[in-house]
Amino acid sequence: MDNSRRDVVVLSTVFMCLATVTNLAVIGTCCLRGLHKPVLLHIAASCVADVFWGILGIVAHLTSVLVPRRRVSFSTCLLEMFWMYFTLLQHFLNNILMYVDRHWAIFYPYRYVHLVAQGNGAAKLVAFVWLLGITLGATFPAVATMLLFCDDSIVIYDVTCHVPIVAKSACRNVRLPSVYSTCVVYTVVGLTALTAAFSTCCIVRKCRRDFPSKDNRKALHTCFTQLAVCSVHFTCMLFVAAFKRFIRSPALGSVLDLIVIVTPAAVNPFIFGLRTQEIRASFASFFKSICSEVSKYFTRLP
């Protein structure tokens with residue numbers, strides 16, 4: 001399994017490199033089309049979170065393959081803990097913001113235009129959500145410092161430090177950090193699921209009740225795009241959690257973790273690119289220009 005895991009990690013690294021390129025292409029397109037548009041700003045922020053989560057996860061697994069018996073200090077462990085929880089929670093916080101933004105725009109359009117669409121309101125909301133993610137991520141190392149250890153050196157059988165794994169090696173004060181980490185993560189994930197379900201049901205019911213129009217079709221299109229992006233996260237997490245419950249293998253569990261890490265960064269740019277008109281139009285014009293240059297090159301050949 002060690003050789004198979006090494007091959008899977010290398011393959012996942014290649015996929016993550018390609019996914020990073022596609023995410024950067026979407027981010028660049030959003031910047032060129034104008035980040036003053038709330039939809040494009042939220043898409044760019046979501047792609048940045050996907051890239052952070054994917055790169056940090058791949059680096060952790062790749063390091064565990066290259067240096068199987070890696071030694072880290074407690075401060076380094078806390079730093080890894082912060083980055084892991086920050087990038088994980090930022091996934092779901094961005095999804096919550098995207099649903100709140102669309103719900104607000106559809107049901108309270110005049111107030112939305114005044115407070116969000118104008119005056120950099122969307123940028124302020126994105127900055128607030130990222131600040132919230134940083135603050136929540138910093139609380140996990142803070143509660144981990146409450147753990148009391150019996151030895152100066154402990155062994156953590158995982159690719160990175162996170163609160164439940166580190167708490168298993170502690171002697172006392174374990175209950176509060178373990179309960180806190182579980183409650184915060186499940187609260188954010190559960191709030192994301194409730195927000196997505198509530199907003200989707202409200203938007204679908206409104207668009208079906210009202211007279212069909214271009215605005216209603218556009219609202220449904222955006223709603224289902226966000227639902228597809230959100231479903232990628234939840235499908236991967238539920239699949240891996242269910243699989244791990246029946247098959248308890250550390251090597252196989254590490255491979256399943258790579259699925260959760262790479263899949264959102266690899267799939268979401270294509271969802272945004274295919275279903276967002278501004279991004280799709282930019283990609284189409286880019287490929288047309290490339291094809292035109294290639295055809296001109298071949299016509300000039302003797």
Side-chain angles (χ1 to χ4, degrees), residues 19 22-23 26-27 29-30 33 37-54 87-109 112 116-117 122 125-126 129-130 132-133 185-210 212-242 259-281 283:
T22 56
N23 277 279
V26 172
I27 295 170
T29 303
C30 292
R33 301 289 292 189
K37 296 182 179 180
V39 174
L40 298 180
L41 179 61
H42 296 319
I43 290 174
S46 179
C47 289
V48 170
D50 289 338
V51 169
F52 277 178
W53 168 251
T87 53
L88 173 64
L89 295 178
Q90 199 61 47
H91 269 295
F92 298 100
L93 291 175
N94 282 333
N95 284 327
I96 292 174
L97 180 59
M98 291 175 71
Y99 269 104
V100 170
D101 179 85
R102 285 298 87 199
H103 193 89
W104 196 354
I106 293 171
F107 290 95
Y108 307 98
Y112 176 83
V116 178
L125 284 176
V126 170
V129 168
W130 277 78
L132 178 62
V185 172
Y186 279 98
T187 298
V188 174
V189 173
L191 185 61
T192 305
L194 290 175
T195 304
F198 175 76
S199 179
T200 301
C201 291
C202 291
I203 292 173
V204 171
R205 184 167 52 187
K206 179 182 185 302
C207 293
R208 289 182 60 184
R209 184 181 67 247
D210 297 345
S213 63
K214 182 179 179 180
D215 292 336
N216 286 343
R217 290 194 297 269
K218 185 177 179 180
L220 280 175
H221 185 83
T222 305
C223 177
F224 287 123
T225 300
Q226 295 172 353
L227 185 63
V229 171
C230 192
S231 298
V232 171
H233 297 286
F234 281 100
T235 302
C236 292
M237 290 184 62
L238 293 175
F239 169 75
V240 171
I259 296 176
V260 180
I261 292 169
V262 176
T263 302
V267 175
N268 289 341
F270 291 98
I271 297 176
F272 288 131
L274 293 175
R275 295 187 59 85
T276 306
Q277 182 179 359
E278 292 87 351
I279 299 175
R280 186 171 63 248
F283 282 172

Expected output: side-chain Ser46 to main-chain His42 donor-acceptor under 3.5 Å
no

So how far is it from Leu97 CG to Gln90 CD, rounded to the nearest 0.5 Å?
9.5 Å

Looking only at heavy atoms, which two atoms of Gln226 and Met98 are closest? And how far apart?
NE2-O, 3.4 Å

Work out which heavy atom in Asp101 is nearest to a heavy atom in Pro38; give both atom names and the distance.
OD1-CB, 3.9 Å

How far does OH of Tyr99 sit from CG of Leu191, to the nearest 0.5 angstrom?
13.0 Å

Minimal heavy-atom distance between Cys47 and Ile27, with the atoms involved, is CB-CG1, 3.7 Å

Testing the basics here: between Val185 and Leu89, what is the closest heavy-atom pair and its distance to 0.1 Å?
CA-CD2, 4.3 Å

Can a side-chain donor-acceptor contact be found between Asn268 and Asp50 if the only test is distance below 3.5 angstrom?
yes

Can a donor-acceptor pair be found, under 3.5 Å and without considering hydrogens, that links the side chain of Thr200 to the backbone of Ala196?
yes

Roughly how far, to the nearest 0.5 Å, is the CD1 atom of Ile96 from the CG atom of Leu194?
9.5 Å

Parallel, tilted or perpendicular: which one describes the rings of His91 and Trp53, with boundaries at 30° and 60°?
perpendicular

Mind listing the closest non-hydrogen atom pair of Thr22 and Ala19 along with its distance?
OG1-O, 2.7 Å

Side chain of Tyr108, backbone of His103: donor and acceptor closer than 3.5 Å?
no

Quick one: pull up SG in Cys230 and CG in Asn94 and give me the separation to the nearest 0.5 Å.
11.5 Å

Here the gap from Asn23 atom CG to Phe52 atom CZ, rounded to the nearest 0.5 Å, amounts to 11.5 Å

Is the CZ atom of Phe107 crowded by more than 12 outside heavy atoms at less than 6.0 Å?
yes

About how many Å separate CG of Leu132 and CG of Leu125, when rounded to the nearest 0.5 Å?
12.0 Å

